[in-house]
Amino acid sequence: MGSAVPAPVEAICAYVAQRTGTNLSRQQRERLARAATLALGQGDPLAFLERLKAREGARELAELMSVVSVHKTDLFRDEQQLGALKEHVLRELAGVGRPLRLWSAGCSTGEEVATLLVLLAEVGAHPGSTVLGSDIAASALAAARKLTFAAEAMRRVPEPVRQRWFAKGGEAWRLVPELAGRARFQQHNLMDTPYPFADEGELFDVIVCRNVLIYFTPEAVDRVVGLFAERLKPGGVLVLSAAEPILHPRTDVETRRHESAFFYVRADPTKAKSAEPPRPSAPPRPSAPVRPSAPPPRSSAQSPPPSPSPSAPGPISGEFQVPLTPEDEGRRLFGLVLDWAAAGQADAETEAGLRKALYLAPELAAARYLLGLLLEQRGARADAASEYRRALALLEGGRAMPSAFFLNNERLFAACRIALQRLGYR
Ligand SMILES: C[S@@+](CC[C@H](N)C(=O)[O-])C[C@H]1O[C@@H](n2cnc3c(N)ncnc32)[C@H](O)[C@@H]1O
C-alpha cells in the first residue's frame, strides 16, 4: 500500500485481508483503504480494530470484506469442465442410487448452485440429492436464495436445458421449484472453522470451489484445500477452477485427469494408492521432431491425444512408436506435471517438468502460467510476474498454444491478469 495510507488504516486492511485469506491487489487495497477510512471516521483506530475482531463488529467486517470481493459468475460457467464433471463424476455417482450431497463454496449469487442442481437432474440423480451454497457475502447470498437469474447470466445455458429447468417471469429466469427446493444456503467464511457438513455430520460427495481461491494467498489455499478434503467422503471429488491447480505435494487429495478437465479426489485410505505417473527422460533438442525411444504409457484419461500438426512426421512402418513433435511432447509433459504435483512430487521436480515442457513448446502459455504460480507460491514474486507477463504476451499476440484440458485462452488471459494484480503489478 502507498505510504499515504495511515498506519491504523493499514492495520485494518491487513486484518480484513487475513480474515478473507485474500492476497489483495493494489486496486483492492486502495478500495479497502478508502472504505476503512470512511468506516473509521473520527473514531479510535485501535478500538475499531478490536470491534472488528469481536462478534459485535461482524456487520462492519462483512461490509469491509465485501469491498474486496469479486462476485462475477454465470450459469454453466466453464462448460468444458462442467461437461467432464457431468459425464465422469456425476453420472457415475448417480448410478449408485442414493441422494448425493454437493457443496458450492463461494457460490456468489447462486448461478453455480443452479447449474449443479440442473446437472444432477440431467444425470438422473436421486431426487433427494441436495446442493449447499455458501459465501462470505450476505448480499450475494440474499440474491442466491431467489435462484432467479437475469438473461445475461443465462447466455451459456443450452436451449433445451433452459426450457426444461427454468421458467421465465418478466425479464428473469427462475429455476423450477422442483430443483430449487433441493438447494440450501449458508453464510460461511472459508477462513473460519468448523466447515459445514452436508447434513448432521454427513460428508459431501462433491465440493465445487471455483474462482474463489485465485484471490487467496498460497497459505490460505493450502489450508482451505485441507479443510475441504476433511469434508469429502473418501473418493469424493473436489472441483477447483483450472486456474487454481494444486501444485504442492499433498497426501489428502489425488489428481484425476480427463481429456478436458482435471479434478481432485479425496484419497481413500482403504484403497491402494494409484501408481505414480511416469516421468519423462531428459528433453530432446527442440529443433527436430521427437521420437522418444520409449514413450511413457499413455491412457486417454492421462493424456490428450496429440493434435495433428503439418510438421508431424507420419508413422514409420514397422515401428510402434507414437511420433510426437516437440510441441506435442511439451503438451503431454505439461499434463503429466499436473498429475505429479498433487501426487506428491517435490516442487523442484514439478518446476523442472514445467521448464522442460516450455523448452519443448515455448508457446504453451498454460504451462508458463503454472510456472508463474509455482514461483509465486515459493515467494519468487518478480520471477512469477515475469512468467505471467510472458504468458500474457503470447495470448495477446495470438501465439499461445491451446491445451485441451486446461483453461481456454480467454480464461487463461483473465487468470494471468488476476495473478499480476494479486502481485501488485497492474
Ligand atoms: C468470483 S465469485 C465465484 C462464483 C462461482 N464460484 C463461480 O465460479 O462462478 C467468488 C466468490 O467467492 C466469495 N468469497 C471470497 N472470499 C471468500 C471467503 N473467504 N469465504 C467464502 N467466500 C468467499 C466472494 O464473496 C464471491 O462471491
Side-chain angles (χ1 to χ4, degrees), residues 15-25 27-28 31-32 52 58 61-82 85 102-119 131-145 147 149-150 152-157 183 185-196 206-228 231 238-245 261 263 407-408 410-411 414-415 417-419 421-422:
Y15 178 67
V16 172
Q18 178 219 319
R19 289 286 288 121
T20 52
T22 309
N23 212 342
L24 297 178
S25 68
Q27 290 91 330
Q28 282 172 313
R31 275 206 309 272
L32 185 56
L52 284 185
L61 180 63
E63 269 167 28
L64 287 178
M65 290 195 294
S66 71
V67 171
V68 296
S69 293
V70 178
H71 296 299
K72 187 181 165 1
T73 183
D74 269 323
L75 280 119
F76 282 73
R77 186 179 193 183
D78 193 349
E79 299 104 315
Q80 184 167 306
Q81 187 189 45
L82 291 172
L85 178 69
L102 273 62
W103 175 15
S104 161
C107 70
S108 187
T109 40
E111 283 79 347
E112 195 169 73
V113 172
T115 304
L116 294 174
L117 287 165
V118 168
L119 292 181
V131 177
L132 166 67
S134 72
D135 202 283
I136 194 172
S139 56
L141 277 179
R145 284 194 172 91
L147 288 169
F149 308 100
E152 168 70 7
M154 297 283 295
R155 67 191 186 284
R156 293 199 178 89
V157 182
F185 292 94
Q186 178 179 337
Q187 189 171 6
H188 175 249
N189 178 355
L190 289 167
M191 297 306 289
D192 287 348
T193 54
Y195 268 29
V206 179
I207 298 177
V208 179
C209 183
R210 302 186 307 164
N211 307 300
V212 180
L213 302 185
I214 194 168
Y215 302 102
F216 280 33
T217 62
E219 299 73 31
V221 173
D222 269 355
R223 177 164 181 269
V224 168
V225 169
L227 290 163
F228 280 149
R231 282 295 184 264
L238 172 63
V239 183
L240 304 178
S241 126
E244 309 151 326
F263 305 115
L407 296 170
N408 64 33
E410 189 191 330
R411 300 199 56 233
R417 292 191 63 133
I418 292 173
Q421 284 173 4
R422 196 168 58 217

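Residue numbers run from 1 in the order of the sequence given. Note that this is a predicted model, so its numbers are computed, not measured. We count ligands from 1, going down the list as the structure has it; atoms in each ligand are counted the same way.
- Gly110 approaches Leu147 most closely through the heavy-atom pair O-CD2, 4.0 Å.
- The closest protein non-hydrogen atom to atom 16 (N) of ligand 1 is Phe216 CE1, 3.8 Å.
- Scanning all protein heavy atoms for the shortest distance to atom 2 (S) of ligand 1 gives Val70 O, 3.2 Å.
- A donor-acceptor pair under 3.5 Å is formed between the side chain of Arg31 and the backbone N or O of Val67.
- Side chain of Gln81 to main chain of Leu240: a donor-acceptor pair is present (N/O by atom type, distance under 3.5 Å, no hydrogens or angles).
- Between the side chain of Ser69 and the backbone N or O of His71 there is no donor-acceptor pair closer than 3.5 Å.
- Close contacts between ligand 1 and Ser108 involve ligand atoms 4 (C), 27 (O) [criterion: under 4.0 Å to a heavy atom].
- The closest protein non-hydrogen atom to atom 13 (C) of ligand 1 is Asp135 OD2, 3.4 Å.
- The side-chain heavy atoms of Tyr15 and Leu64, taken from C-beta on, include no pair separated by under 4.5 Å.
- A distance of 8.0 Å separates CD of Gln186 from CH2 of Trp103, quoted to the nearest 0.5 Å.
- Atom 7 (C) of ligand 1 has Arg77 NH1, 3.3 Å as its closest protein atom, hydrogens excluded (heavy atom only).
- In terms of N/O distances under 3.5 Å, ligand 1 is not approached by Asp74.
- Protein heavy atom nearest atom 8 (O) of ligand 1, with residue, atom name and distance: Asn211 ND2, 2.8 Å.
- Looking at Leu190 next to ligand 1, an N or O pair under 3.5 Å apart turns up.
- A side chain to side chain contact (heavy atoms under 4.5 Å, CB included) with Asp135 holds for exactly one of Thr109, Leu141, Val212; it is Leu141.
- Using modelled atom types, one side-chain atom of Arg231 and one backbone atom of Tyr195 make a donor-acceptor pair closer than 3.5 Å.
- Both the backbone and the side chain of Arg210 come within 4.0 Å of ligand 1, judged by heavy-atom distances.
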For this session: Walk me through it: do Val68 and Leu24 pass the test side-chain contact (heavy atoms from CB on, under 4.5 Å)?
Result: CA-CA 8 Å; Val68 296; Leu24 297 178; 3.6 Å; yes

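- Salt bridge present: Arg210 and Glu112 bring a charged side-chain N and a carboxylate O closer than 4.0 Å.
- Residue Glu111 does not touch ligand 1, judged by heavy-atom distances below 4.0 Å.
- Less than 4.0 angstrom separates some heavy atom of Ser69 from each of these atoms of ligand 1: 25 (O).
- Annotation: atom 19 (N) of ligand 1 to nearest protein heavy atom, Asn189 OD1, 2.9 Å.
- Considering backbone and side-chain atoms together, Arg19 places no N or O closer than 3.5 Å to any N or O of ligand 1.
- Between Val212 and ligand 1, not a single N/O pair is under 3.5 Å apart.
- Near His188, with a cut-off below 4.0 Å to any heavy atom, the atoms of ligand 1 are 20 (N), 21 (C).
- Between Gly106 and ligand 1, a contact under 3.5 Å exists for at least one N or O pair.
- Side-chain atoms of Arg19 do not come within 3.5 Å of backbone N or O of Met191 as any donor-acceptor pair.
- Close contacts between ligand 1 and Thr73 involve ligand atoms 4 (C), 5 (C), 7 (C), 9 (O) [criterion: under 4.0 Å to a heavy atom].
- For atom 17 (C) of ligand 1, the closest non-hydrogen atom on the protein side is Ile136 CG2, 3.7 Å.
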